[in-house]
Structure formats: C-alpha cells, structure tokens
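Worksheet: the structure to be examined is printed underneath.
Chain letters run A, B, ... following the sequence lines, proteins first, then strands; residues in each count from 1. Only this structure's heavy atoms are used, side chains among them; waters, hydrogens and symmetry mates stay out.
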Amino acid sequence: MAFCDRNERMTLDMCLAVPFKIKEIHEDGSALAERGGVMRSINVSFIRDPRPGDHVIVHAGFAIERIREKQAQEVMESYDELVKELEAMAK
Amino acid sequence: MPETRESSKEHKSRDGIIRLMEVCGTHTMAIARNGIKSLLPPGVKLISGPGCPVCVTPPQVVDAVLGLSELECRPVIATYGDMIRVPGSRPGDTLMKRRALGADVRIVYSPVDAVELAEKERDRQVIFLGAGFETTAPGTAAAIGAAADRGLKNFTVFSMLKKVEPSVRALASDPSFSVQGFLCPGHVAVVTGEKGMKFFSEDLGYPAVISGFEPEEILKAITLLLKQIRNGESKLENAYSTVVSADGNTIAQEMMEKYFALRSDIWRGLGLIPDSGFGIREEYSDMDAEKRFDIKIGEPKQDSGCHCGDVIKGAMEPSECPLFGKACVPEEPVGPCMVSPEGACAAAWKYRDVSA
C-alpha cells in the first residue's frame, strides 16, 4: 500500500499534535526539541522525568506524552494482520 | 481492557451501511489526506463527529470573540491560527477582518506564548482565546498558572475549552443518530487515558477503538472495529498504546482540575450541553476574560445558511451542503468546518481527488 508523505508541515493550528525528539532540558520546564531538522522550544512540565533522547507528542507547545518505542514497533508488526482482515472484509 | 460483552447496539444500520465516526480533527485530516475512505470495502463509511475545536464553537461565541476587538482598552487578542478566519454570525466578519480594521490580533503557537506577550507588554491587556478539548486544556491551565505565579494583572483567558465525552453522549441520545462504531480521539485519550474512553462501550454500548494518526494505525483501528461489529461485540480497544496508557497523563489531568470547573456550554449543532465546557475556577477569576470584560453570549445575529452543525453531528456529508465548493471554499469560508484544516468540509474539499 502506498501512503502519502508523513512529514506534516509545522503548523500554527491548534489541534495538530506532532512527535518531537527532546534535545536539551532546561530548568524552567522548557526543552529544546527537534523534528525534521527544525528545532523549537517546547514545554515538558506534563512529562515525568523528561530526558534528552525521549520522543514526545507535542500539542500546542506542550509535550503531552512520551512515545514508547517498543509498542511503536509492535504496531508496525501487526500490519500483516490488518491487510488480511481488510481483504476478508472486501470479499 | 473491559470484558467483552454483547453490544446493545444494532450492528447494521437500516440501510445496511456500517458507519464509523471519528471524533478528532487530526483523524479527519489524516483520513482525507491519505485517501483512507477510498481504501475501505463497500458498505463501510467513515464520518466526522464533533472533533474540530473551531467547528464546534457556535457563531454567537465567535460574535463575543469579535466583540473583544471593540473593547475600549484595545486589548491584544492572542489566538491559535485557525481561529482568526472563523466568521461569526455575520458572513465575512472574522478576527482577520477586524485586524485589517485595526484590532490587535496576534497568532500564537502555545498559550505560554500569550503569557510571554503579557509579560513584555505590561501596559496592554492580553486576552488568550482558549479553544480546544482535553488536549489544549492542560496547556491553557498551565498558562493561567504561569501568569498567576508571575503576578501578571494584564493576562486573561476566554475559555471556549470543551470536554469531548458529553458531546458524544448528546449525539448518541438522538434517536436519528446511526453509527455502528467509534474511532476514539487519540490525543484526547493521551490525556484522559483508556479510562476516559470507556463510556463509548460501557455506557453507550458501541464498539470503540483508540486510534493513532498514521494511516496504517487508522486502518488497524478500523479493522478492529469491523471485527468487533462482525462478532457482535462492543468493547474498548487501545490501538494507540504507544502513547495512550490506562490512566492517561495524570499531571495534565491535575492541571485541568486545579484551574477549571465543568460548566454548561453551547456547541454548534448540538446546543447547550450540561457539564461540557471548562470554565475557569472562581479562585482564578482574575484571569477569566468573561468576568473581567463582562462578556455576554447573545443569540446568533443571522443564519448564514451554513450546515456545519449537521456535518459535525454526522447527519450530513460536506458535499451534501448546498454551499460546499460554491459559496463556501477555504479561501472564503462561510462556516468553521471549511476554515480549519481539520474541519470536515476543508478536508473534504482539499483532498476531494483522493477521498472517495
């Protein structure tokens, strides 16, 4: 299956949440984070014990959760099952 | 995860079509952009619910927002980008137009940016337009907290923040509502946790799946929903466990609890819904723009002919609206569903070649 480009544009619209990687943590609850080569300051005060290297979902400037990498891989691995199910539904 | 149980819902609608509703603007966009509707088997339809923040804001509240630009103190109105193009009940009357006429409207990415503005421009009143759901509410709460900590007397929030659950309950209570399953809003679930989404299946009896936003994650969630429907089940499944936990983000929940109290709120298309809006708690009323500037929500001034309310309820497809693509296009939107990129109409228009 071919899908479109996954790199969403940086946006000023509110509801779009995008993943960022934390680069530096600052003492005031902010952090420097990177996505697609673009750095921006985000607020990490809703994340327990944030660390550089963490991937987080950022919504309106706030990191709202850490992305768990192991589960991310599992989601991708369940791909085959998905294709089979859709084919079964189409019959 | 709750035990599987027999669904109390009809698993097929009267016309035999399985309708699945998503209640999140980012899902609306991702589905349209990736042409997901065209990948689905015949007889399965995806429809958009009340998941786009500016779309659910009713015209009379937009009128009140526009009224802020007429205040004698000439405040700075700080807002997310998509809000500036939403017309009130008079077509074409938007914050963008008011800005062209001299109002001080500034676009911010985060509520904290609005606090920074207030810090820098102490002689100006800065009003932040807090729109959104449980996703933007914690950040708005944090901004109120930051302004209070810094002792800023010139920062207020006009809260239009809403809670998703009561709107879904209101929708589902309409006898004409015909949906066979829900894609639960992934980012709201990040904050509320699985526990905040259980009402879909446990109280309302619908198959429900918490979904991520990559195309394959959405397809996976749709697959799980179809499986449930085929097996006559109605349970909540979490297909976005990379970020959604059982209890959600408790720090964010505590922030909302500290600064907001639930109140009745008006939704476009759905009307007044009890306990559906996040109002600013009495203790922080200094930061409440409604109180400081005595904002009153009136009645809509005129009917623009916009069917956004029906689109939000899933009662009408964007293309069925007589204004769609004619009087109402993204460059000149009549209603908010055509303004916001996550609005069902804007998404349907932009991706009309890939969305079947």
Revision key, fill the gap. Here the gap from A:Ile57 atom CD1 to B:Phe213 atom CZ, rounded to the nearest 0.5 Å, amounts to 8.0 Å
Revision key, fill the gap. Per side-chain contact (heavy atoms from CB on, under 4.5 Å), A:Glu65 is matched among B:Val190, B:Val191, B:Val244, B:Thr242 by B:Val190
Check your understanding: Which atoms form the tightest heavy-atom contact between B:Ser110 and A:Gly61, and what is the distance?
Key -> CB-CA, 3.9 Å
Exercise for review: Against chain B, label A:Ile64 side chain, backbone, both or neither, depending on which of its atoms sit under 4.5 Å from a heavy atom there.
Suggested key: both
Study note, to complete from the structure: Turns out that what part of A:Phe62 lies under 4.5 Å from chain B's heavy atoms comes down to side chain
Check your understanding: Checking B:Asn249 side chain against A:Phe46 main chain: does a donor-acceptor pair fall under 3.5 Å?
Key -> yes
Check your understanding: Should we say atom NZ of B:Lys195 is surrounded by more than 12 heavy atoms from elsewhere, each under 6.0 Å from it?
Key -> yes
Check your understanding: Take atom CZ in B:Arg150; do more than 12 heavy atoms of anything else shown fall under 6.0 Å from it?
Key -> yes
Exercise for review: Ignoring hydrogens and angles, state whether a donor on the side chain of B:Ser245 or A:Arg68 is under 3.5 Å from an acceptor on the partner side chain.
Suggested key: no
**Study point:** For B:Pro111 against A:Ala60, the heavy-atom pair lying closest together
**Key:** CD-O, 3.6 Å
Exercise for review: Give, as side chain, backbone, both or neither, the part of A:Ser45 having an atom under 4.5 angstrom from any heavy atom of chain B.
Suggested key: backbone
